[in-house]
Amino acid sequence: MDDGRKTSGDGGNAVPETPADFIREIILEHNRSGRFGGRVHTRFPPEPNGYLHIGHAKSICLNFGIARDFSGKCNLRFDDTNPSREETEYVDSIINDVRWLGFDWEDRLFYASDYFENLYRFAEQLVMSGKAYVCDLTAEQVKEYRGTLTEPGRNSPWRDRTAEENLDLFRRMRAGEFPDGSRTLRAKIDMASPNLNMRDPVIYRILRASHHRTGDKWCIYPMYDFAHPISDSLEGITHSICTLEFEDHRPLYDWFLEELGIHHSQQIEFARLNLTHTVMSKRKFLELVNDGLVRGWDDPRMPTLAGMRRRGYPPAAIRAFAERVGVAKRDSVVDIALLEHCVREDLNRTAPRAMAVLRPVRLVIENYPPGMTEEFDFVVNPEDPSAGTRRIPFSGVLYIERDDFMESPPPKFFRLSPGREVRLRYAYLVTCTDVVKDPATGEVVEIRCIYDPATRGGDAPDGRRVKATLHWVSALHCVPAEVRLYEHLFSVPFPGSTEGRSWKEDINPSSLEVLSGCMVERHLASSEPGAAWQFERLGYFCADSADSRPGAPVFNRTVTLRDEWAKIARSAPKDGGN
RNA sequence: UGGGGCGUCGUCAAACUGGUAAGACGCAGGACUUUGGAUCCUGUUUUGGAGGUUCGAGUCCUCCCGCCCCAGCCA
């Protein structure tokens, strides 16, 4: 019994490689019944009028993933039937994004505009068989004649022209004899249909606009409802997967293919992805960018693939996320924490560790021999022994995180405070002896410690334990860096859901915090843009692809590490400390 | 008050022809720990509502309630 699906074949009970969602279920059924001869061919059909976002990623992973699971194929096809809103800039970015996500369409890159001539001929065919007519109603009138949700529409007065007249008119439409908007070609279906899409939908409009691929060759352009099923048919698509709002269009999709008598793929609809703490529409992205609320389409806070790439999200993490959210027909909003979990899961396995101090404060080891430096072994990635170790320089003057010291620590604060001993990661145990403050502001400017030379490497020979291990950087061996800390773009899970508040008012005022004067290990100064690092105890970071320079590194925080202390501090607010 | 969809844990999401509610994230505890990281344990749900059929219903029937989509010469 081969249903065409790859399995992890472990002998007797073949287990499907991927969890079955309802779409794969349908495909399995088609394979059993032989509807498409066991063939599986999908497509990802973006309109090149915007940048791809995480919602598209779900669709990309679904379409290419199904092709992979069923040993089929998946095409990349630009749905470019509307010349007035599409640009090559977008096709380039989309191609780049899909490739970055990790998918390959081989030689199957198509454009709906590749089929304009074919599409036109199919339209003529419909005209000749009396299934389409040229209508002279204005846009306004078409709307009036359409009726409403509860009332049927009325037939266009031009509905009963002869096939000959329609053919003549349609050819003249193509020839450019009529002004924009003056006529349309409409499918002749049923003006009383309860499904508005079936009320003689427009299938060609007159539109003098230069197309990004066909230039000025055409002055009439097909509508989505007409172009899409035929494009699918021409490419031999077996499963045309789209989002829920097209469910009402399926009867029309089927009608064209039926009337034309050509290969009939199965349209299947699924629920688009929604994420908490963000927005997901082209319109809102545009507003964010135009209003200067973010720094561009690739702002690391944006849920665009370009933004997530710049932020440091690994494509594999996005793929894992797409798989975990599943596929169903129910409208849903996925917690952004799941996406972040997938990012951490991936980066924990792959990112080399490094030391970086974001809010530095000097720590001086009083009994460390003046002028001495030494080196310690640093484990590159504890999750990946093959990554080995490297040497990290140490001296008597260091920087540690300001947050890692408290003069009067609250109960569960285990880090440094006067009299307390902690470990400097991979180096020594140190005990705080004194603290130097700015007399004017009272701010701690220097922490004084003594170290125990016997604890070289971080372990005490007498077996005594410390409750905290701090990261540090040697003042002599570090370089300053700018670090950009990102939080959710919106401070509420559902932007715009509060009565009397616009979605833009829900923007998180601290979604971006820029830190300068951070101190990082010297080798990070030449970090390759986009390459992931884990700054120990802080999170995952990568050099910014746009602004980082070899001598002046700029890092983006991709995502924080999970932080128990932050939770404790949050739930037991303000009692000691400073 | 037309049509098309959808309602299972806080959030996603499984459950073959009805057979006695997976898993993941989150959250809460705990173990371990030279990252308060990672890892590992434990806990957290009875299916929108009301009836009905049945030995047995998330799965079947009836009625009700709620949410989403559709009146672009956009996709």
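Convention: sequence-line order gives letters A, B, ...; per-chain numbering from 1. Below, all heavy atoms of this structure are taken into account, side chains as well, without hydrogens, waters or symmetry copies.
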| field | Side-chain donor-acceptor contact under 3.5 Å, A:His471 with A:Glu401 | value | yes
| Between A:Arg324 and B:A13, does any side-chain N or O lie under 4.0 Å from OP1 or OP2? | no
| message | By the 4.0 Å heavy-atom rule, please label A:Arg562 as base, sugar-phosphate, or nothing. | response | sugar-phosphate
| message | Need one value for A:Arg415: base, sugar-phosphate or nothing, where a base atom within 4.0 Å counts as base even if backbone is also close, heavy atoms only. | response | base
| task | Mind checking A:Arg146 for me? I need base, sugar-phosphate or nothing, with any heavy atom below 4.0 Å counting as a touch. | result | sugar-phosphate
| request: State the pairing partner of B:A38; accept Watson-Crick or G-U wobble contacts with both distances under 3.5 Å, and report none otherwise. | output: none
| message | Base, sugar-phosphate or nothing for A:Val466? Non-hydrogen atoms, less than 4.0 Å. | response | nothing
| task | Ignoring backbone atoms, test whether A:Thr81 places a side-chain nitrogen or oxygen under 4.0 Å from the OP1 or OP2 oxygen of B:A75. | result | yes
| query | How should the glycosidic conformation of B:G49 be described, syn or anti, under the criterion that syn lies within 90° of 0? | reply | anti
| Counting only side-chain N and O atoms of A:Arg205, is one of them less than 4.0 Å from OP1 or OP2 of B:A75? | yes
| At under 4.0 Å between heavy atoms, what does A:Ala337 touch on the DNA or RNA strands: base, sugar-phosphate, or nothing? | sugar-phosphate
| message | At 4.0 Å (heavy atoms only), tell me whether A:Ile203 reaches a base, stays on the sugar-phosphate, or touches nothing. | response | nothing
| request: May I ask you to say what A:Arg183 touches in the nucleic acid, namely base, sugar-phosphate or nothing, with a heavy-atom cut-off under 4.0 Å? | output: nothing
| said: With a 4.0 Å cutoff (strictly under), does any side-chain N or O of A:His471 reach OP1 or OP2 of B:U35? | reply: no
| said: Expressed as a whole number of angstroms, how long is the span from A:Arg330:CZ to B:U11:P? | reply: 10 Å
| Distance between the C1' atoms of B:G4 and B:C27, in whole angstroms? | 38 Å
| query | How would you label the contact of A:Pro382 with the nucleic acid (heavy atoms, under 4.0 Å): base, sugar-phosphate, or nothing? | reply | base
| task | Just call it for A:Val327: base, sugar-phosphate, or nothing, with non-hydrogen atoms closer than 4.0 Å on any strand. | result | sugar-phosphate
| message | So A:Asp459, base contact, sugar-phosphate only, or nothing? Heavy-atom distance under 4.0 Å. | response | base
| task | Assign A:Ser332 to base, sugar-phosphate, or nothing according to its heavy-atom contacts below 4.0 angstrom with the strands shown. | result | sugar-phosphate
| request: Searching all strands shown, indicate the nucleotide that pairs with B:C67 (Watson-Crick or G-U wobble; both distances under 3.5 Å). | output: B:G5
| task | Output the residues of residues 241-249 of chain A in contact with RNA chain B, where contact means a heavy atom of the residue under 4.0 Å from an atom of the strand; sort by number or write none. | result | A:Glu245, A:Phe246, A:Glu247, A:Asp248, A:His249
| said: Heavy atoms only, 4.0 Å cut-off, all strands: where does A:Glu47 land among base, sugar-phosphate and nothing? | reply: sugar-phosphate
| Sugar-phosphate only, base, or nothing, as touched by A:Lys412 at under 4.0 Å among non-hydrogen atoms | base
| query | Is the closest side-chain donor-acceptor distance between A:Tyr221 and A:Ser113 under 3.5 Å? | reply | no
| said: Need one value for A:Gln534: base, sugar-phosphate or nothing, where a base atom within 4.0 Å counts as base even if backbone is also close, heavy atoms only. | reply: base
| remark: The residue among A:Tyr111, A:Phe116, A:Phe78, A:Trp218 that forms ring-ring contact (aromatic ring centres under 6.0 Å, His included) with A:His211 is A:Phe116
| query | Any side-chain donor-acceptor pair under 3.5 Å between A:Gln267 and A:Glu269? | reply | yes
